[in-house]
Structures are given as C-alpha cells and as structure tokens.
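Notes follow once the structure below has been shown.
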Amino acid sequence: MCGKNQDLVTDLESGEIACSKCGLVTSDKIQELGPEWRTFDSEGSGRSRVGSPSTLTFHDMGLATIIGKENRDSSGRQLEASANARFQRLRTWDFRSQAQSLNHRNLLRAFSELGRLKDKLGLSDAIMEKTAYVYRKAQDKHLIRGRSTSSILAAAVYAACRELEAPRSLTDIAKATDVKRTDVSRSYRILVLELGLKVPLIDPMKCISKIANGLGLSEKTKRMAILTMNELVQKKISAGKLPMAMAATVLYMSCVANGETKTQKAIASMAGVTEVTIRNRLNDLEHR
DNA sequence: TAAGATAAGAGGGACAT
DNA sequence: ATGTCAGTCTTATCTTA
C-alpha cells in the first residue's frame, strides 16, 4: 500500500512524508526549504552558496576543516622547521577543539546514538535538529551528570517531538531506546523544568483528526466528535484525562451515533490507549 | 467475537513529616 | 528526603450478548 506515490502525503510542519492510508513514514528526507546562503548587500544580489549547511547534529556543528598531518605545503614542498613547529601547535589545538573535551566526546556519543534513533522512530531532520539543540542545552546546564546519556537523549527526542507536534509516545521512544519508560519520563520532566521548555499541550482536537484520519472515518463523524469535544472541554470534564483517550472516546460515541462500525479495540489501538480506558471515559460521561 | 466488568499493579502529583 | 493517599491508566482474565 505504501509503495504507491499517490498515497504519500507530506507533512511540512514535521518534515515527514507519510502514507496517507496507513501512516507509515516513508521518508524524512525533505530538503531544508530556507535559503542556504547569506547576502550582505541590500539588492540581494551576489548570492553564493556557503558550503554544506551547518548542523547541530555534528559535535562541531558540521565544520569539516581539519589540519592534516603531512608536513608539506600545498605544492608539496617540505615545510621549514619553524613553520613545522607552528603547525604542530595548531594541530594540537585543532585536535582539542574537535574531540578532546569531555563534552564533545559525550556529544559525539549521543549524536551517533541519535542517528540510530532516527531510523527507528522515523524522525524528521527538523526533529533531529531540535533534539540536538535540547541536548546541547541540557549539557550546558550540566543536567547530564549522574544520568545516563541515553535517557537524556531519549527525553530530548520526546521533547522535540512534542514541540514540533509530531507525536511519539513515551512508550514508543522507550521501546526504541532501551531506556525504561519511567526513566525517559523522569528525564523529560527534568528537561522541561530546568530548561524552561515551552511544550504545547496536546490538543484533543488534533488527536481527533489524527485518529479519525487513521481509521478513515467520515467527515460527519469527525465533525460530530469535534463538537462534542468542544462541550467537554468547556465543561472541564476532560481536565486531567489523557487527551488521546478523550479523543478516542468521543470518536467512538460519534461512530455509534452515526452507525459507523468501528470497534473500541480499533479506535483504542489507533489512539494508543486501551479499550478499558475508553470504557472508563464512557462511564464518566454517562454520569454527567 | 465484541463489549462489559473486575481486580491487581505501576507510576506520578500533592501534601505532610 | 521519605511516606502516604487519591486518582489515573494498564494488563489480565472472566462473563455476557
């Protein structure tokens, strides 16, 4: 199903290309849309490319120049002794600036792990950058001391996903990272607390359309669910409950009302909650 | 086979010690 | 810091239609 191009939809915000039928992310290789050049004159002419984009996911931000170990100049002549010594010093600093410092080595480890996660979780480049940014800030604030690189990295991934509204559940990330769900969660809370991340609340309306689209429900059902959800939000019945669970419940009710036959199981698994939770929410709603 | 019911357990927030 | 408590959600299992 996912091999057909016409099923592919592009999510520009999260930078994913996904199959509209099954939601499989087939590619996260959307090119950066912004210009990769800088111009300093007012007419905007004279643009020139400035090399590969610098990226946060390399420990040195993608700068590629290194000082080689050949003691020869560009035309192949042997360097004089004084120049030789000077380059030796430069080499030392060059080396130190690249990987010597503990921080940089740590970043190297984290980012190579991040590269592996990218495939496992289908992360977009935008999410990768965000993750790297968050991780760097965590390191700058010395939040990594005493915690594992992996758990902080996992938490950073989760934060990036939340911030870019490309939902991956804590459980998804825990599975992909070999970090326990609770550890991811704990680290995530620390990140939010210490870095003052402003993470958008999960919008139940978005949950509704996500689930409804995933199941191929009718517009009518979807609209009805959204109306119901509006009421619930206003009556504050939804407060403190999982947004996904509320969305799933409301959708289930709309399905029943419209004669669309979807099982609780189907809706629950699409929403990433259990049937029991849906039933609990249904009970709540009945008693109001 | 789907839906409903029930029980046990995990994990986190609030609050007190 | 540690413990307790109420409330939420999950997992598992059994019953009902």
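Convention: sequence-line order gives letters A, B, ...; per-chain numbering from 1.
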Original post:
Looking across every strand, which nucleic acid part, if any, lies under 4.0 Å from A:Thr182 by heavy atom: base, sugar-phosphate, or nothing?
Top reply: sugar-phosphate
Subject >> Nearest-nucleotide pick for A:Tyr252, side chain only, options being B:dA2, C:dT11, B:dG4 >> reply: B:dG4
**OP:** Select base, sugar-phosphate, or nothing to describe what A:Arg189 touches, counting heavy atoms under 4.0 Å on all strands.
**Re:** sugar-phosphate
**OP:** Can you tell me the distance, in whole Å, between the NZ atom of A:Lys265 and the P atom of B:dG4?
**Re:** 14 Å
Subject >> In one Ile/Leu/Val/Met/Phe/Trp/Tyr side-chain cluster, 4.5 Å: A:Leu282, A:Val233 >> reply: yes
Subject >> Integer-rounded Å distance: B:dA3 P and A:Leu282 CG >> reply: 11 Å
**OP:** Take atom CD1 of A:Ile278 and atom P of C:dT8, then tell me their distance rounded to the nearest Å.
**Re:** 17 Å
Original post:
Do A:Tyr135 and A:Asn106 get their side chains close enough for a donor-acceptor pair, meaning under 3.5 Å?
Top reply: yes
**OP:** Check every atom of B:dG12, C:dT11, B:dG4 against the side chain of A:Arg279 and return the nucleotide holding the closest atom.
**Re:** B:dG4
**OP:** Check whether any side-chain nitrogen or oxygen of A:Gln264 sits under 4.0 Å from OP1 or OP2 of B:dA2, and answer yes or no.
**Re:** no
Original post:
Side chains of A:Glu113 and A:Thr149: donor-acceptor distance under 3.5 Å anywhere?
Top reply: no
Subject >> Spacing between A:Lys241 atom NZ and B:dG13 atom P, to the nearest angstrom >> reply: 16 Å
**OP:** Report the distance from atom CG of A:Asn283 to atom C1' of C:dC9, rounded to the nearest whole Å.
**Re:** 14 Å
**OP:** On DNA chain B, check which nucleotide each of A:Lys262 and A:Asn280 is closest to and give me the residue with the more 5' one.
**Re:** A:Lys262
Original post:
If you check the A:Thr263 side chain, which of B:dG12, B:dA2, C:dA12 turns out closest?
Top reply: B:dA2
Subject >> For atom CE of A:Met246 and atom C1' of C:dC9, their distance in whole Å >> reply: 14 Å
Original post:
Would A:Ser185 and A:Thr182 count as having a side-chain donor-acceptor pair, cut-off 3.5 Å?
Top reply: no
Subject >> A:Ser187 and A:Ser151: side chain donor to acceptor below 3.5 Å >> reply: yes
Subject >> Distance, rounded to the nearest Å, where A:Arg181 contributes CZ and C:dT11 contributes C1' >> reply: 14 Å
**OP:** Rounded off to whole Å, could you give me the CD-to-P distance for the A:Glu275 and B:dT6 pair?
**Re:** 17 Å
